[in-house]
Amino acid sequence: MRNDVIFHESKKYMPGGVNSPVRSYKNTGMTPPIIKSGKGAIIIDEEGKEYIDFVLAWGPMILGHSDRDVVKAIKEVSESAIAFGAPTELELAMAKFLCKNSENVEMIRMVNSGTEATMSAIKLARGYTKKNKIIKFAGCYHGHFDGFLVEAGSGVLTNGIPGSLGVPEDSIKNTLIAVYNDKDSVKSLFDKYGNDIAGVIIEPVAGNMGVIKAEEDFMNLLREECDKYGALLIFDEVMSGFRVSYEGAQKLFTAKPDLVTYAKIIGGGLPCGVYGGKKEIMECLSPVGEVYQAGTMSGNPIVMAAGLATLNKLRNNKEEYYEKIDSLGKLLEDGLLDIAKEKSIPLTINRYGGMLTIFFTTLKEVRNYEDVKTCDAEIFKKYFKHMIENGINIPPSQYEALFLSVAHTEDHINKFLEVFRNFNI
Ligand SMILES: Cc1ncc(COP(=O)(O)O)c(C=O)c1O
């Protein structure tokens, strides 16, 4: 069936035809391709058209689609273990892996999505500190939990929604908004509310207002203020974990987190999330402590198997994979900058490893959400249409990152550049 026919039919049964808003291509003037299959860096739609995929399921598919070892692990485990709702050794293997690979994580709790991970981390921070308020940054996205839907990034930004209906005032009265990379904005919130701040949550390398890395002295300030007032510093590494480096964003900063959240890559493409931190904090969780959080599907054997297959492969090929992804990223970034200069296209690129955003702005530096808002939406819309029509799958929003995998090659990057060269603003 044709893509648009399936999409039209889907709209009768699912709001906007989708199960997650950004997939609808709203505001792009297009309907989305309906994806049938994927292998490596290529995905194919229902009409048989191929795309080089730079979305990668919004990050998780760092090994490329249907990686041989991940598929094998899923097949093998599902022969004898689909779900028990009981402890399994696979969960222990995952817990050990994550604790061993993150110097700031001594214990973990598995959940089923990034949203669940961040909202549970906040609840734990509140339970541990016995305080209520949290600081988040404008343009950062931490999932669809009520308390985070204030000045959020990602699809909330893409669809131009200031927040969300259905969120009671009471749910956001404890959410304080600060400006990314702006120390004064954080300081003044601590000065005013310090004794009631349970935690600060941040994407240390943001991806949900486009890629923006936090600055070192800004991160140090967060650590200092949290220490001064007894608040917890939470790194949301749902996107950056095992992505910006094998050790995630934690490796990039002197300041270290009290709690960390992961999802995406650690599930190998299956629904997954996790939060972790120091034993003393994590043991506030039930059944040891009194912060209640639970999940029927948490730590599901098939998810653990897919995640471990991915993580083990990344660990065993660490140098080669991350170097490859970074050098492909550099090839793409340099090529795009050259073409933009030749063709006088106003843009700035932020990239960290295999995470990259082209900001169509005349600003030389994009450091926060205010800067992102200077981007030209009309140029993005034209660029997006041009890329998709020519077989390059990129996120349908200025406020997202595009991703690279180990399955991408120089040929794929050159194809991207060739298509971009033919783009006229
Ligand atoms: C940094 C960050 N945190 C949390 C989330 C929410 O994760 P999920 O969509 O798995 O609920 C996302 C999703 O993109 C994210 O990028």
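Each ligand, and each atom within it, is numbered from 1 in the order the structure gives. Heavy atoms only: backbone and side chains are in, while hydrogens, waters and symmetry mates are out.
- Within ligand 1, counting atoms from 1 as listed, the ones closer than 4.0 Å to a heavy atom of Gly114 are 6 (C), 7 (O), 8 (P), 10 (O), 11 (O).
- In terms of modelled atom types and a separation under 3.5 Å, the side chain of Gln250 and the main chain of Pro257 share no donor-acceptor contact.
- Taking the ring centroids of Tyr369 and Phe137, they lie at or beyond the 6.0 Å cut-off.
- Taking a cut-off of under 4.0 Å to the non-hydrogen atoms of Thr115, the atoms of ligand 1 that pass are 6 (C), 7 (O), 8 (P), 11 (O).
- Close contacts of ligand 1 with Ser113, meaning ligand atoms under 4.0 Å from a residue heavy atom, involve 10 (O), 11 (O).
- Exactly one residue among Phe242, Tyr275, Phe97 makes a ring pair (Phe, Tyr, Trp, His ring centres under 6.0 Å) with Tyr262. That residue is Phe242.
- Salt-bridge formation is not detected for the pair Lys324/Glu320: no Lys NZ or Arg NE/NH1/NH2 atom is positioned less than 4.0 Å from an Asp or Glu carboxylate oxygen.
- Atom numbering of ligand 1 starts at 1 in the shown order; those under 4.0 Å from a heavy atom of Met239 are 16 (O).
- Below 30°, between 30° and 60°, or above 60°: for Phe218 and Tyr180 the angle between ring planes is between 30° and 60°, a tilted geometry.
- In terms of polar-atom proximity, Asn208 is counted as a contact of ligand 1, with an N or O under 3.5 Å from an N or O of the ligand.
- At least one N or O atom of Asp236 sits closer than 3.5 Å to an N or O atom of ligand 1.
- Looking at Glu116 against ligand 1, nothing comes within 4.0 Å, counting heavy atoms.
- Applying the 4.0 Å criterion to heavy atoms of Lys264 picks out, from ligand 1, the atoms 13 (C), 14 (O), 16 (O).
- Side chain of Lys39 to backbone of Ile44: no donor-acceptor contact under 3.5 angstrom is found.
- Not close to ligand 1: His144, with no non-hydrogen atom less than 4.0 angstrom away.
- By the criterion of a heavy-atom distance under 4.0 Å, neither the backbone nor the side chain of Trp58 is placed next to ligand 1.
- Taking a cut-off of under 4.0 Å to the non-hydrogen atoms of Glu203, the atoms of ligand 1 that pass are 1 (C).
- Ring centroid separation for the pair Tyr25 and Phe384 comes in under the 6.0 Å cut-off.
- Note on Asp326 versus Lys330: no salt bridge recorded, every NZ/NE/NH1/NH2 to OD/OE distance being 4.0 Å or above.
- Each of the following atoms of ligand 1 lies closer than 4.0 Å to a heavy atom of Gly143: 4 (C), 5 (C), 6 (C).
- The distance criterion of under 3.5 Å between nitrogen or oxygen atoms is not met by Thr118 with respect to ligand 1.
- Ring centers of His408 and Phe54: under 6.0 Å apart, within the cut-off.
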